[in-house]
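These notes concern the structure reproduced below.
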Amino acid sequence: MHIDQATINTRRHCVMAGKYNQDWMAALPPSLSALPLANLAIPGSHDSFSFWVDEKSPVAPDQGASIKRLAKISLVKRVMKKWSVTQNLTFKEQLESGIRYFDLRVSSKPEEAGPDIFFIHGLYGIKVWDGLKEINDFLTNHDKEVVLLDFNHFYAMDYGHHLYLVKMLKEVFGNKLCIADCVENITLQHLWEKKKQVLIFYHYNIWNDYSFLWPGNKMPAPWANTTNVHKLIQFLETTLGERSKRGTFHVSQAILTPRAKTIVRGLKSGLKNTLVHRNLPVILNWVKTQRPGALGVNIITSDFVELVDFAETVIGLNYLLLKGKKDSS
């Protein structure tokens with residue numbers, strides 16, 4: 001896996017700047033660690049695995065036939081890479097910076113024999129096994145940190161592939177897996193007492209065969225599907241207002257989605273320079289105005305989580321709940 005020097009330098013700077021967030025859950029005061037996770041503000045990443053995609057591999061099954069035909073031209077795959085990558089940091093680096101929710105899209109590789117499953121976003125990324133091991137290694141060294149893994153898109157996967165993936169999840173995380181339960185029962189203190197660190201949300205109907213798989217409908221993630229940052233903010237406000245008071249987590253996807261004409265206009269610059277860089281400050285300002293709680297924000301996801309103080313800002317929202325407790329006492 002080749003990574004250019006500029007990306008390495010960016011990662012080094014961002015990770016050193018955010019590394020003290022690696023134990024932010026452990027550092028929460030008891031009055032916050034006693035609250036349901038669904039009432040806390042948790043930073044997450046969008047297309048969390050896309051820090052590396054393989055432009056030499058076939059186009060992934062999440063793309064249509066027309067893109068697959070175009071991709072026979074080598075330049076097209078290079079353009080695809082610029083628009084498929086939505087994160088710079090690896091799983092370990094994201095975890096160290098405070099990210100605790102991961103948006104995961106997976107696929108088999110029909111062009112190859114064998115059961116391997118890969119992360120995908122337009123192009124194939126790393127093997128799922130390798131990513132899960134990286135997450136597990138972090139959790140082993142930070143035993144009060146908890147992650148929420150949201151497997152929400154599956155491609156080119158039959159029942160056998162799902163069985164293989166579920167077996168992999170059990171093998172990698174073992175006793176760290178949290179049994180599906182009433183959402184309101186899941187507090188950090190409860191998880192620490194039970195020595196559980198991993199909640200897996202699985203958007204395929206095999207979930208009801210395994211006690212450690214949470215149904216996908218417990219993790220709603222409304223999607224604005226817009227390139228306009230003001231429409232995005234309006235959508236985030238509206239969907240927060242419609243959030244269920246009990247029974248689910250909630251993802252606010254603070255992301256902009258390119259359309260075909262956006263990509264054509266920004267062929268060389270890619271997602272980060274065309275859409276994300278100039279709009280992230282506006283999105284971050286919206287985040288700063290939020291408050292967690294039963295009807296407030298819960299999980300907030302972003303592209304390129306290292307570009308602004310995203311994780312730290314989201315984590316900081318939790319301390320607003322302390323102020324509320326003092327005011328009411």
Exam field: side chain [X] to backbone [Y], donor-acceptor pair closer than 3.5 Å:
X: Gln87; Y: Ser45; answer: no
X: Gln197; Y: His142; answer: yes
X: Gln94; Y: Leu89; answer: yes
X: Ser252; Y: Ala254; answer: no
X: Asn141; Y: Asp137; answer: yes
X: Arg100; Y: Gly44; answer: no
X: Asn318; Y: Ile315; answer: yes
X: Asn298; Y: Val251; answer: no
X: Ser302; Y: Val305; answer: no

Do [X] and [Y] have side chains that get closer than 4.5 Å, going by heavy atoms?
X: Glu96; Y: Ile99; answer: no
X: Leu37; Y: Ile42; answer: yes
X: Asp116; Y: Lys109; answer: no
X: Met157; Y: Val106; answer: yes
X: Gln22; Y: Leu95; answer: no
X: Pro61; Y: Ile120; answer: yes
X: Ile283; Y: Phe310; answer: no
X: Asn21; Y: Glu312; answer: yes

Classify the side-chain pair [X]/[Y] by whether it contains a donor and acceptor separated by less than 3.5 Å.
X: Glu145; Y: Trp24; value: no
X: Ser84; Y: Ser50; value: no
X: Gln189; Y: Ser33; value: yes
X: Thr301; Y: Gln253; value: no
X: Asp103; Y: Asn152; value: yes

Starting from [Y], can I reach [X] by hopping between I/L/V/M/F/W/Y residues whose side chains sit under 4.5 Å apart?
X: Leu236; Y: Leu284; result: yes
X: Leu295; Y: Val183; result: no
X: Leu123; Y: Tyr155; result: no
X: Leu165; Y: Phe118; result: no
X: Val147; Y: Val128; result: yes

task = Show your reasoning for whether side-chain contact (heavy atoms from CB on, under 4.5 Å) applies to Leu320 and Gln290.
result = CA-CA 9 Å; Leu320 296 173; Gln290 299 308 301; over 6 Å; no

Looking only at heavy atoms, which two atoms of [X] and [Y] are closest? And how far apart?
X: Tyr164; Y: Ile117; answer: CD2-CD1, 3.7 Å
X: Asn39; Y: Leu321; answer: O-CD1, 3.8 Å
X: Ser107; Y: Tyr124; answer: OG-CE2, 4.3 Å
X: Gln63; Y: Gly122; answer: NE2-CA, 3.6 Å
X: Val314; Y: Val287; answer: CG2-CG1, 3.9 Å
X: Trp286; Y: Val297; answer: CH2-CG1, 4.1 Å

request  = Write out all pairs satisfying salt bridge (charged side-chain N to carboxylate O under 4.0 Å, His left out) with one or both partners inside residues 151-173, taking only residues at least two apart or from two chains.
outcome  =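 Passing the test, one end in residues 151-173: no pairs.
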
Donor-acceptor contacts, no H, no angles, side chain residues 207-225, under 3.5 Å, sequence neighbours left out:
residue : atom : partner : partner atom : Å
Trp214  : NE1  : Cys178  : O            : 3.3
Lys218  : NZ   : Gly247  : O            : 3.3
Trp223  : NE1  : Thr257  : OG1          : 2.9

ask   = With a cut-off of 6.0 Å (strictly less than), are more than 12 heavy atoms of other residues, nucleotides or ligands near NZ of Lys127?
value =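 Result for NZ/Lys127: open.
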
query = More than 12 heavy atoms of other residues, nucleotides or ligands under 6.0 Å from CD of Glu237: is that the case?
reply = yes

key: Residues Phe102, Phe91; criterion ring pair (Phe, Tyr, Trp, His ring centres under 6.0 Å); working and verdict   = CA-CA 9 Å; Phe102 294 93; Phe91 283 126; 5.5 Å; yes

Say you draw a straight line from [atom1] of [X] to [atom2] of [Y]; how long is it, rounded to the nearest 0.5 Å?
X: Asn88; Y: Leu307; atom1: CG; atom2: CG; value: 6.5 Å
X: His203; Y: Phe201; atom1: NE2; atom2: CZ; value: 8.0 Å
X: Leu188; Y: Lys196; atom1: CG; atom2: NZ; value: 15.5 Å
X: Thr90; Y: Asp130; atom1: OG1; atom2: CG; value: 12.5 Å
X: Leu280; Y: Ile255; atom1: CG; atom2: CD1; value: 11.5 Å
X: Leu132; Y: Leu169; atom1: CG; atom2: CG; value: 5.5 Å

ask   = How are the rings of Tyr202 and Tyr204 set to each other: parallel, tilted or perpendicular (split at 30° and 60°)?
value = perpendicular

Row check, Phe138 ring normal vs Lys92 NZ/CZ: under 6.0 Å, within 45° =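 No; the conditions do not both hold, so Lys92 does not lie above the ring face of Phe138.
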
key: Summary of side chain to side chain donor-acceptor pair (under 3.5 Å) pairs that have at least one residue in residues 172-184, sequence neighbours excluded   =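 Pairs touching residues 172-184 that pass the test: Asn136-Lys176, Thr140-Lys176, Asp181-Asn185.
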
request  = Sort out for me which residue in Asp150, Asp62, Asp47 forms a side chain to side chain donor-acceptor pair (under 3.5 Å) with Arg105.
outcome  =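 It is Asp47; the other options fail the test.
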
